[in-house]
Amino acid sequence: MPEADRVVAVSPDGLNAGAPTPGVLREIAFETGRATLMRARADAGAASGWHHHGDRDVLGYVVRGRARFEFGADGAESVEVEEGGFFHVPAGLVHRDVNPSDDIQEIILSVVGEGPLVANLDGPAGRR
């Protein structure tokens, strides 16, 4: 039976390594032409490098811990998301992911659109 005619499952330990950003471990469950579904993990107190997702929107759900996203001019703006909360990072927004807690953070992400999954940057100089 072709894969398009069946439901496909991936176990928690069956994920593939995703595009790296310092401070965040990304693991891909599914990747289609226009969407990627993945798990992201960060250690307690970790902050990712500055990055954006090109022409892709990021839709997420915080499974474990809390998340803070820093963005804007000089990274001066931020939004915190509690465990069980959802978030949206618009395409092209330069940001970094922060785990503000003393516990491991786990997030499920759906990255929707076309182009590279991530573009790493040296700083928060605004939009790409």
Under a 4.5 Å cut-off applied to non-hydrogen side-chain atoms, are [X] and [Y] in contact?
X: V63; Y: E83; value: no
X: L37; Y: L109; value: no
X: H52; Y: N120; value: no
X: R41; Y: V24; value: no

For [X] and [Y], work out which heavy atoms get closest and say how close.
X: G23; Y: A46; result: O-CB, 4.1 Å
X: G75; Y: W50; result: CA-CH2, 3.6 Å
X: E80; Y: P100; result: OE1-CG, 4.0 Å
X: A67; Y: V62; result: CB-CG2, 4.1 Å
X: A17; Y: I28; result: O-CD1, 4.3 Å
X: E77; Y: G72; result: OE2-CA, 4.1 Å

For D103 and R64: C-alpha separation, side-chain torsions, deciding distance, then whether side chain to side chain contact (heavy atoms under 4.5 Å, CB included) applies. CA-CA 8 Å; D103 296 318; R64 182 175 171 192; 5.6 Å; no
Should N99 and D43 be marked as a side chain to side chain contact (heavy atoms under 4.5 Å, CB included) after you check the CA-CA gap, both sets of side-chain angles, and the distance that decides it? CA-CA 7 Å; N99 179 356; D43 289 333; 5.9 Å; no
Check whether V8 and I108 end up in the same hydrophobic cluster, where Ile, Leu, Val, Met, Phe, Trp and Tyr are linked by side-chain heavy atoms less than 4.5 Å apart. yes
Using the rule that Ile, Leu, Val, Met, Phe, Trp and Tyr join whenever any side-chain heavy atoms are under 4.5 Å apart, tell me whether L93 and V79 fall into a single cluster. yes
How many angstroms lie between atom [atom1] of [X] and atom [atom2] of [Y], to the nearest 0.5 angstrom?
X: L121; Y: R96; atom1: CG; atom2: CZ; result: 12.5 Å
X: S48; Y: L25; atom1: OG; atom2: CG; result: 12.5 Å
X: D97; Y: I107; atom1: CG; atom2: CD1; result: 6.5 Å

Thinking salt bridges, do R66 and E82 make one under a 4.0 Å N-O criterion? no
Run M38 and E27 through side chain to side chain contact (heavy atoms under 4.5 Å, CB included) and show every step you take. CA-CA 5 Å; M38 72 179 95; E27 301 168 300; 5.8 Å; no
Show your working on side chain to side chain contact (heavy atoms under 4.5 Å, CB included) between V89 and D57 and close with a plain yes or no. CA-CA 6 Å; V89 179; D57 285 287; over 6 Å; no
What residue among Y61, F71, F69 forms ring-ring contact (aromatic ring centres under 6.0 Å, His included) with F87? F69
Would you confirm whether R56, through its side chain, and V112, through its main-chain N or O, come within 3.5 Å as a donor-acceptor pair? no
In this structure, is the centre-to-centre distance between the rings of H95 and H51 below 6.0 Å? yes
With salt bridge (charged side-chain N to carboxylate O under 4.0 Å, His left out) as the criterion, how do E114 and R34 come out once you've worked through the C-alpha distance, each side chain's angles and the decisive distance to 0.1 Å? CA-CA 5 Å; E114 296 178 343; R34 294 203 29 84; 3.7 Å; yes
